[in-house]
Amino acid sequence: MVLTDRGRPIVCDAGPIIHLDELDALDLLEGFGDALIPSAICQEVERHRPTALTRFPFPFERREPQSVGGEPLVAILQRVGLATADQQALLLARETPGSLLLTDDAGIRLVADQLGIAVRGTIGIIVRSIRRRTRTPSAVIHMLETLPVQSSLFIRPALLQEIIALVRQEAERT
């Protein structure tokens, strides 16, 4: 079991890249290991945030999963309704030992959980910055409070308020 994300390879879905770029916080991806991004995900990011990948904080590798269309898992993913790009990210994470899948998509998270693939989303990456000391708790709280207007990430307002309250509580204890 990996106890830290430091140095751990990441497989990126489009969401966290897009949302962190909207927040001018792509630097929060530093400290992970190699970044692997399927071409379909790169195309999706480029469609929504044309310059985000040029501002990626470290070199990344465009890599395609080795799984082919006839594999039973691919058929299941298609039946679940995951887009091709999302399928590629999930399959690549499954093929990359010890990797961490970065996604905000609930469907992908559900399948990843069933496959035993570790997942982090944009919120988790933002909160992680406190532990890594790349953001102060007050900066994280500000980022979370402005998230609904500065980012296209959908999060239920009540859940966001719970997360902000937990960050405040943690900040008060330290």
Side-chain angles (χ1 to χ4, degrees), residues 1-6 8-23 25-26 28-29 31-49 52-53 60-129 131 140 143-144 147-148 151-167:
M1 177 181 199
V2 178
L3 299 176
T4 179
D5 295 337
R6 185 164 192 73
R8 192 174 192 183
I10 56 173
V11 174
C12 299
D13 187 23
I17 298 170
I18 291 168
H19 305 310
L20 290 171
D21 188 55
E22 291 169 336
L23 296 167
L26 279 171
L28 297 183
L29 294 174
F32 287 111
D34 296 335
L36 309 172
I37 309 175
S39 294
I41 295 296
C42 289
Q43 291 169 0
E44 187 176 336
V45 170
E46 289 165 348
R47 192 169 41 255
H48 296 281
R49 298 293 293 184
L53 293 175
F60 63 89
E61 179 184 342
R62 289 180 192 235
R63 185 185 297 174
E64 306 313 315
Q66 300 302 307
S67 300
V68 294
E71 182 181 342
L73 178 59
V74 174
I76 292 168
L77 296 177
Q78 290 170 342
R79 272 189 249 125
V80 170
L82 292 182
T84 300
D86 297 335
Q87 291 177 37
Q88 287 184 4
L90 191 57
L91 291 168
L92 185 56
R94 186 188 70 165
E95 295 171 5
T96 308
S99 67
L100 181 64
L101 177 60
L102 303 184
T103 186
D104 293 317
D105 186 282
I108 297 172
R109 284 173 169 263
L110 184 63
V111 175
D113 185 54
Q114 295 298 311
L115 295 173
I117 298 170
V119 177
R120 298 284 180 284
T122 299
I123 300 290
I125 294 165
I126 292 170
V127 172
R128 169 185 180 262
S129 69
R131 186 186 63 211
V140 166
M143 191 178 299
L144 293 171
L147 190 133
S151 170
S152 58
L153 177 65
F154 173 76
I155 183 169
R156 287 181 298 110
L159 177 58
L160 182 59
Q161 290 309 311
E162 285 178 40
I163 294 165
I164 291 169
L166 289 171
V167 171

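Since we're looking at a predicted model, the values are computed, not measured.
Between D105 and T103, the shortest heavy-atom distance links the atoms N-OG1, 3.2 Å. Here the closest non-hydrogen pair linking Q66 and E95 is N-OE1, 2.7 Å. Contact between I41 and A14 at its shortest, heavy atoms only, is CG2-N, 3.5 Å. Of all the heavy atoms in V45 and A52, the pair that sits closest is CG1-CB, 3.9 Å. For the residue pair C12 and P38, the shortest heavy atom distance occurs at O-CD, 3.9 Å.
Side-chain atoms of S99 come within 3.5 Å of backbone N or O of A93 as a donor-acceptor pair. Remark: side-chain polar atoms of E61 are not paired, donor with acceptor, to backbone N or O of D34 under 3.5 angstrom. A donor-acceptor pair is defined here as one N or O able to donate and one able to accept, closer than 3.5 Å; such a pair exists between the side chain of R8 and the backbone of G98. The backbone N or O of T122 sits less than 3.5 Å from a side-chain atom of D104, completing a donor-acceptor pair. Put simply, the side chain of S151 never gets that close to the backbone of P148: no donor and acceptor are under 3.5 Å apart.
Distance check, rounded to the nearest 0.5 Å: CE of M143 to CD1 of I164 gives 12.0 Å. One distance of note links CD of E46 with CD1 of I18; it measures 10.5 Å at 0.5 Å rounding. With rounding to the nearest 0.5 angstrom, the CD atom of E22 is 10.0 Å from the NE2 atom of H48. Atom CG of L26 and atom CZ of R49 lie 8.5 Å apart (nearest 0.5 Å). In this structure, CD on E162 lies 9.0 Å from CD1 on I155, to the nearest 0.5 angstrom. Rounded to the nearest 0.5 Å, atoms CD1 (I108) and CG (D13) are 4.0 Å apart.
The shortest distance between side-chain heavy atoms of R63 and I37 does not fall below 4.5 Å. At least one side-chain heavy atom of F60 sits under 4.5 Å from a side-chain heavy atom of L53. Side-chain contact between L159 and I123 is absent, with no heavy-atom pair separated by less than 4.5 Å. Looking at heavy atoms from C-beta onward, V11 lies out of side-chain contact with L102 at the 4.5 angstrom threshold. Annotation: side chain of V119 is not in contact with side chain of L100 (no heavy-atom distance under 4.5 Å). Looking only at side-chain heavy atoms (C-beta outward), S152 and H19 come within less than 4.5 Å of each other. No side-chain heavy atom of Q88 sits less than 4.5 Å from a side-chain heavy atom of L91. At least one side-chain heavy atom of E64 sits under 4.5 Å from a side-chain heavy atom of S39.
With L101 as reference, L90 is the one residue of L90, I10, L115, L92 to meet the side-chain contact (heavy atoms from CB on, under 4.5 Å) rule.
Under the 6.0 Å distance and 45° angle rule, R128 counts as a cation-pi partner of F32.
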Between V111 and I117, does the side chain to side chain contact (heavy atoms under 4.5 Å, CB included) criterion hold? Intermediate values first, please. CA-CA 9 Å; V111 175; I117 298 170; over 6 Å; no
